[in-house]
Each structure stands twice: as C-alpha cells, then as structure tokens.
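Values below: all heavy atoms of this structure, side chains included; hydrogens, waters and symmetry mates excluded.
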Amino acid sequence: MQYNEDYFESEDFKELLDSYEASLQAGEQPFMDADDLVDLADYYNNIGEGDKAAAAIEHALALYPNATLPNVFKAREALTVGDFETARSYADTISDHDDPDYHYLTAEIMIAEGRIDEADKYLRNYGMSVDADEWEDFIKDCANLYVDYDINDKAYEWMMRSKGDDSTDFKELMARTLFGLGKYKDSERIFNELIDRNPYSLNYWNALASAQLLDEDYPNAITSSEFAIAINPNDPDGLTSKANCLMRLGNYEEALEYFKRLEKIEPDDLVLLNEGICLVSMNRPKEAISYLLRALEAADETSEVLSQIYMELAFCYASEKQYAKAMEMMDNCMKRPCDLTDMTVIRGHLQLECGMLKEAEESFKKAIMMSDNAPSVLLRIIVSLYDNRYVSSSYEMFQKFFRVVKNSSAEYVKGYIYMALCCHDLGKYGEFIEYLQKAVKFNPRDTKLILGFLFPEAMDPSEYVSYMKHRLQKETE
C-alpha cells in the first residue's frame, strides 16, 4: 500500500514514535491502540527497519489478537511470499467482519491468487452496502488494491466510477494508475500538479523522474532526480534515476560516479552490474570484470539480472582474449531462463569475436532456423558480421536481405542504415549516398544514432545527404 508520507512527517506521528521508543528504552511494553502500532510498523518497514516493524505488530497482536489492522498487516506479509493459506488464517482471525479493511483484505487475497474477476465482483457487491458519503473513499481504496498488484486497467476502471475530486489522494492515485498504464505524459502532468502543492515531497520528485525516464525524456528526468537528491543526498531512488539517465545519454563516466554513490547505500547485484556496464561502455573491460564478478557473488539463483551478468562477463573476457572464459560465461547464461534465439545470436557474435568462424556460422544458422527466418534475427546477424569487421560479408548478406525481407518491416528500414555504413567502409560511395537517402527518409532518429559520427554533432539528419555529397565531391577534386 501507499507510504503515508504526510502523516509520518507530522508532529502527531513524531510524538507517537517518540513515546513508543521511549517506552521500549525504559524496558516497558507501551499500551497503545492497535491502529497506532500498525502505523509504527508501516513506518519502520518503509525505513528498512523490518525487525522493529515485526516487534510492533507482535505487540499489537498480543494486546488485540482479533483486531483488524494487525491481522491485515500479517496477512499481507504472507501474501508477499505467496502463502495464501496463512493470509486466509489471519483474515479469519479478524472479529469485525463489517470492517471495510476486512473486506479489502478478502478481495486482496483473491487478487493475489489471480482471481481478478471474482475479486471485482466481491468488491462491487460490497460497494452496494457502502454509505453515499463514503463512496469516494471506497473507490480509491479499491483502485489502490489493483495498483498495488500492477493491475492498472482495473484500477483505472474503478477510478472512472468516481465523480473525481481535487484531493491530493485522488490525484496521486490517478497519477500512479496512469503511470502503470504507460501513459507517462499524463502521469507527469499530475505529478507536477502534486509537486506544486508539496515541493519538498521526495516521493513526488522520484515518481516524476521515473515517468520522464520511461518516456525517454532524460534531461528532464535528470532535473527531477536532482531535486530528489537535493532533498535527500542519499536517496536511492533519486541516485538510481540520475545514474540511469546519464547512462542512457552515453555519459558513462558521470553515471559511474552516481552508481558508486548508490553502491555505498545499496551494494546489490544490479548496482554492481550497472557499474560494470559503464566500464564496458568506456572500453575498460579489465576493470569491468572485477565489478561483474562482485555482482555475480552478490546475486542469488533467483536474481533477475544473473543472465545479464554472465553475458557482460562473456563480452569482457572476449575483449581480454580470454576466449575459453568467454564461452564458459555464455554457456552459464544460456542455462538460465532466456530467449534462446536471442542468446544463440549473441553466442555466434562472441564466437566471431573469438575467431571461431565455423562455430559462429553454426550458431547463426541455428538461430535463423529457430526464428523461422525472422527479419530481426537476420538483421542482427548481419550487423554482427559488420561489428566483427567482416564488412564484405555483411554487404553481400544485406543484398540478399533486401531481396527476401518485406520492405514494410522496421528491420528492412533499419537495414538501410547499416548498409550505408558498409558501403561507406568499402568505398562504394554512390551506393552509400543511395542508402543514406533512404535511411534519413524512413528512420532519421536511428540514422543519427548509428551514422552520426560521420557528421558534425549538431547537424540534423535532414542535412546529412547534401553535406556528404559536398564532402565527397571536395575529396575527389
């Protein structure tokens, strides 16, 4: 559920926290309302003090074994690890079955179990008994349930049942829902409105930065993350957003500095992986290996980035001419859940880099068969040939590629860019201009990304052809 930032920063909560901690320091068991103890547990959880949160909840259950909120707290803990039976047992312990939180927990268990339509029906039936003056809060509570489980289409359905209001709670929930639906511009607009109301909210600045980052608006995302960092220089979310934006903008040196700051706070496998990626991008593979090996040590078998760590290590070892190590890392990568076709193409690329031409050919043939001649796979193989400096082979394969792939596909259009690159390197300048014209016409963005190094940095792709014609003409005079 949402972190109650405003309440936890209020004087009332600070007095409650001070009173509770003073009692504990005096060796006493504080006598407090169940709801207050749950608020304390929520606070401790959100600042990473899990043991203190657990102690507060156990104290609440000792005082009020059948109270709603302590049992809801424990049930939700069970849901996070998929223990539905334990969650239901805590729900059954609640004595007040008229309490709205009991009904929300019942629906949440259904949602967690994947019984979405059943949960929706349950909530709609319960809604028939909700008083008119509580209807808007009921709508927000239902939508919040779905947002917490990333079921944003259902959350949006519930939000649309509201008459709407100008409250901060409603706006924040709508912003989160739109973010979850991928409507980043709309989400950004609402978070900006919320920031106008509370310019010192760390959560809002981080949420705004996330929306801008996913919308690929990296400069503004950096600005938003800097506001978050100004509020809290050690805020992990702000540091992560800024580091990721810098990395996407190709500013790897500065990105590395922010990842290093983040490592001091959260030295996990993802941070170490990103530090390694920055070093790889800066052509420092030997240094990258040390970070990637540390990432490998920090990762467990359930890590979502374990495959990528192995893959990055494979490329680094290949760069260091440790070819046996490179292939060992690639084998480890392919043993994990992955897109096998994609990994087979990458394996072929590495085999080319290691001089294993016959093996690379076999990998590429296998990938083509596995993908049923998918244009995206064909293009990646041809680009791999180019990257490994088999430029003539890449050129010849592009000629076949343009004959067999439909010219309406995105891969076909992207092929123009790489074919232009091949022609440039081979000195086939007439064909280079021909493919450059097509590349600029159909895909100016990627043309700038891939061919931009041949032109002045500030030049727009629309000027590329005339610039290059003039340049080539001067070189032949």
Quick one about [Y] and [X] (side-chain donor to acceptor, distance below 3.5 Å, no hydrogens or angles considered), yes or no?
| X | Y | result |
| --- | --- | --- |
| Thr68 | Asp101 | no |
| Asp460 | Ser462 | yes |
| Arg176 | Asn144 | yes |
| Asn251 | Glu254 | yes |
| Asn443 | Asp446 | yes |
| Ser224 | Gln212 | yes |
| Glu411 | Ser376 | no |

Ser384 and side chain to side chain donor-acceptor pair (under 3.5 Å): which partner among Gln351, Glu353, His349?
-> His349
Scan Glu172, Glu193, Arg197 and name whichever one has a side chain to side chain donor-acceptor pair (under 3.5 Å) with Tyr204.
-> Glu172
Does Asn71 use its side chain to pair, donor to acceptor, with the backbone of Pro65 at less than 3.5 Å?
-> yes
Okay, side chain of Lys448, backbone of Glu457: is any donor-acceptor separation there less than 3.5 Å?
-> yes
Residues Asp217, Asn220; criterion side-chain hydrogen bond (donor to acceptor under 3.5 Å, both in side chains); working and verdict = CA-CA 6 Å; Asp217 183 4; Asn220 280 322; 2.9 Å; yes
Checking ring-ring contact (aromatic ring centres under 6.0 Å, His included) for the pair Tyr323/Tyr317: CA distance, chi angles, key distance, verdict?
-> CA-CA 6 Å; Tyr323 300 135; Tyr317 282 126; over 10 Å; no
Is there a side-chain contact between [X] and [Y], using heavy atoms and a 4.5 Å cut-off?
| X | Y | answer |
| --- | --- | --- |
| Met330 | Tyr310 | no |
| Leu79 | Tyr149 | yes |
| Cys354 | Leu352 | no |
| Lys264 | Lys260 | no |
| Trp205 | Ser225 | no |
| Tyr146 | Ile116 | yes |
| Asp186 | Phe179 | no |

Within a radius of less than 6.0 Å around [atom1] of [X], do more than 12 heavy atoms belonging to other residues, nucleotides or ligands occur?
| X | atom1 | value |
| --- | --- | --- |
| Glu253 | CD | no |
| Lys171 | NZ | yes |
| Tyr104 | OH | yes |
| Tyr156 | OH | no |
| Lys414 | NZ | no |

Partners of Phe455 by ring-ring contact (aromatic ring centres under 6.0 Å, His included), sequence neighbours excluded?
-> Tyr464, Tyr467
Taking only residues two or more places apart in sequence, or in another chain, which ones meet Tyr126 in a ring-ring contact (aromatic ring centres under 6.0 Å, His included)?
-> His103, Phe138
Tell me which pairs pass salt bridge (charged side-chain N to carboxylate O under 4.0 Å, His left out) where either residue lies in [range], with sequence neighbours left out.
| range | value |
| --- | --- |
| residues 111-122 | Arg88-Glu113, Glu113-Arg115, Arg115-Glu118, Asp120-Arg124, Asp120-Lys154 |
| residues 13-22 | none |
| residues 266-280 | none |
| residues 297-322 | Glu301-Arg336 |

Is [Y] paired with [X] through a side-chain N to carboxylate O contact shorter than 4.0 Å?
| X | Y | value |
| --- | --- | --- |
| Glu136 | Lys163 | no |
| Lys74 | Glu58 | yes |
| Lys183 | Glu188 | no |

Value rounded to 0.5 Å, distance of CE in Met459 from CG in Leu454 | 11.5 Å
For Ser167 and Asp165, run side-chain hydrogen bond (donor to acceptor under 3.5 Å, both in side chains): C-alpha distance rounded to whole Å, both residues' side-chain angles, the deciding distance at 0.1 Å, then the answer.
-> CA-CA 6 Å; Ser167 71; Asp165 61 53; 2.5 Å; yes
For the residue pair Tyr418 and Tyr386, is the inter-centroid distance of their aromatic rings smaller than 6.0 Å?
-> no
